[in-house]
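Bear in mind the structure is a predicted one, so any value in this text is a computation, not a measurement. Lettering of chains follows the sequences in order, A, B, ..., and the numbering in each one begins at 1.
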There are 2 protein chains.
Amino acid sequence: MPMQPESDEAHISDGRRRKGHERRRRLLAAVMSVIERDGVAAVTQRVVAKEAGLPPSAVTYYYATVDDLLTAALIQVNDWYIDAFASLSADDDRAMEQLAELIAAGGDRNRAHTMAEYELFLMAGRRPDMRAEIARWNQVIDAFTARFTADPLDGTAIAAAIDGLFLRTFTTDGLSTAPEVLAVLKRITRRHPFAPE
Amino acid sequence: MPMQPESDEAHISDGRRRKGHERRRRLLAAVMSVIERDGVAAVTQRVVAKEAGLPPSAVTYYYATVDDLLTAALIQVNDWYIDAFASLSADDDRAMEQLAELIAAGGDRNRAHTMAEYELFLMAGRRPDMRAEIARWNQVIDAFTARFTADPLDGTAIAAAIDGLFLRTFTTDGLSTAPEVLAVLKRITRRHPFAPE
DNA sequence: TAGAATCTGGAGCGATCGCTCAGGTTTTTT
DNA sequence: AAAAAACCTGAGCGATCGCTCCAGATTCTA
């Protein structure tokens, strides 16, 4: 039994491990497909196996429990978003535009994917061993908000608004285009239309 | 088979219906307990029945399917929050304080309840027949934000931040006290520390 | 090429699942 | 008191669940 995620390095010389590595990828992809289509509750050993075109026992072989499968899926999705944030432009204005596009896509072509992220996120809130992933996500958001304000309260406000915007875009039908989202983001980060009380 | 939610009016003269009405209440309370403890995925006919101290068939009798049970639970939770918002003070400053307390409680003593709300909320995003409940929640938030701004963009920004604050309080350990939340809320709605660009 | 490591997948155990159903009890109506 | 209406439930069917087991196939190491 290997069971270790094994260093996910590029080329693995050992053909045996390479095959296992490939199957892990297929399984996680299958998990995401299932969550996107039917939600986390639909993730079962047999369903995932069928989706991946593998026998049920193969699922158990690579991920001892269904929980392990979900944890791995959460980490992968987190990686996806972290990478997306890391890829934002160094120019603040441009980065804001790109974020707006990212959020808008979460209500449109990436809707299922974004819902999956939030479902896994919520699940993580219930399991102490997954809390680290929540912290990882928050760090990414906080690092982003730090580009727009040095004040921690303002940072929290912006971060909360970003989280809320993601939530709104994929649960509501309005607020779907990137320009709309961008306009809202600008109000939060720049605030020029507000009176100083 | 009655199956109708039957007008939930105060006193029901018919003793038969009154008993059924009481049992619906107990079942929904049981559903909330289960969700708060183990999540929506744990809501099964038998588990709910046991939690309510009723036979499994009683669950089916009052709610034809488990889905019906979850839908009813979502409506009830929505009612709870809508009532909470309706009970906020007429004074804007005081209302903001009360909202901060409400959000902070969502990360503390009401954590499980708030998580349940969001889990049901997410589930609703996947089922077209529950979309109406999402709209109902959004309307409540929007009505609240309207007290602080007439601008729809600002309104969306505030609403998103409120949603995000709820999310943050019950997934993170920091940001737990009402004063902290209030400070953030004030930045969003009043914004006086921000430079006009 | 022998032996070790890794991978494969069919069979299946015990438990739980959603839901049905046939007949029971309680309450109201006549 | 009889009939009607509403309420209630134990038993259980067929399906799926998580997970185990283990003999065989494949691939690397020595």
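The side chain of B:T44 lies closest to C:dG18, out of C:dT8, C:dG18, D:dG18. In this structure, of D:dG10, C:dC17, D:dC19, it is D:dG10 that holds the atom nearest to the side chain of B:P55. The side chain of A:T60 lies closest to D:dT20, out of D:dT20, D:dG12, C:dG12.
Heavy atoms of B:V48 sit nowhere under 4.0 angstrom from any nucleic acid atom. Residue-level contact check: A:V43 touches the backbone only, with heavy atoms under 4.0 Å from sugar-phosphate atoms and none from bases. B:V47 comes within 4.0 angstrom of sugar-phosphate atoms only, judged by non-hydrogen atoms across all strands, and of no base.
Separating the CZ atom of B:R46 from the P atom of D:dG12 is a distance of 13 Å, rounded to the nearest angstrom. Per the geometry, OH belonging to B:Y63 stands 15 Å off P belonging to D:dT9, to the nearest Å. Taking atom CD of residue B:E22 and atom P of nucleotide C:dT27, one finds them 15 Å apart after rounding to whole Å. If you take CD of A:E51 and C1' of D:dT16, they are 17 Å apart, rounded to a whole angstrom. Atom CG in B:L54 sits roughly 14 Å away from atom C1' in D:dG10 (whole-Å rounding). The NE2-P distance, from B:H21 to C:dT27, rounds to 18 Å in whole Å. A:K50 has its NZ atom 16 Å from the P atom of C:dG9, to the nearest Å. The separation between B:D67 atom CG and C:dC17 atom P is 15 Å, rounded to whole Å.
Aromatic rings of B:Y118 and A:Y118 (six-membered ring for Trp) have centroids beyond the 6.0 Å cut-off, not under it.
Between the side chain of B:Q45 and the base of C:dC19, a donor-acceptor pair under 3.5 Å is found.
Looking only at side-chain heavy atoms (C-beta outward), A:L69 and A:Y62 stay at 4.5 Å or farther from each other. Contact annotation: the side chain of A:L122 approaches that of B:F170 to within less than 4.5 Å [non-hydrogen atoms, C-beta and beyond].
Applying the side-chain contact (heavy atoms from CB on, under 4.5 Å) rule to B:Q139 yields no partners; only residues at least two apart in sequence or on another chain are considered.
Contact check, B:R23 against D:dT9: a side-chain N or O comes under 4.0 Å of OP1 or OP2. For C:dT8, neither phosphate oxygen OP1 nor OP2 lies less than 4.0 angstrom from any side-chain nitrogen or oxygen of A:S57.
Under a 3.5 Å cut-off, the side chain of B:E133 and the backbone N or O of B:M130 do not form any donor-acceptor pair.
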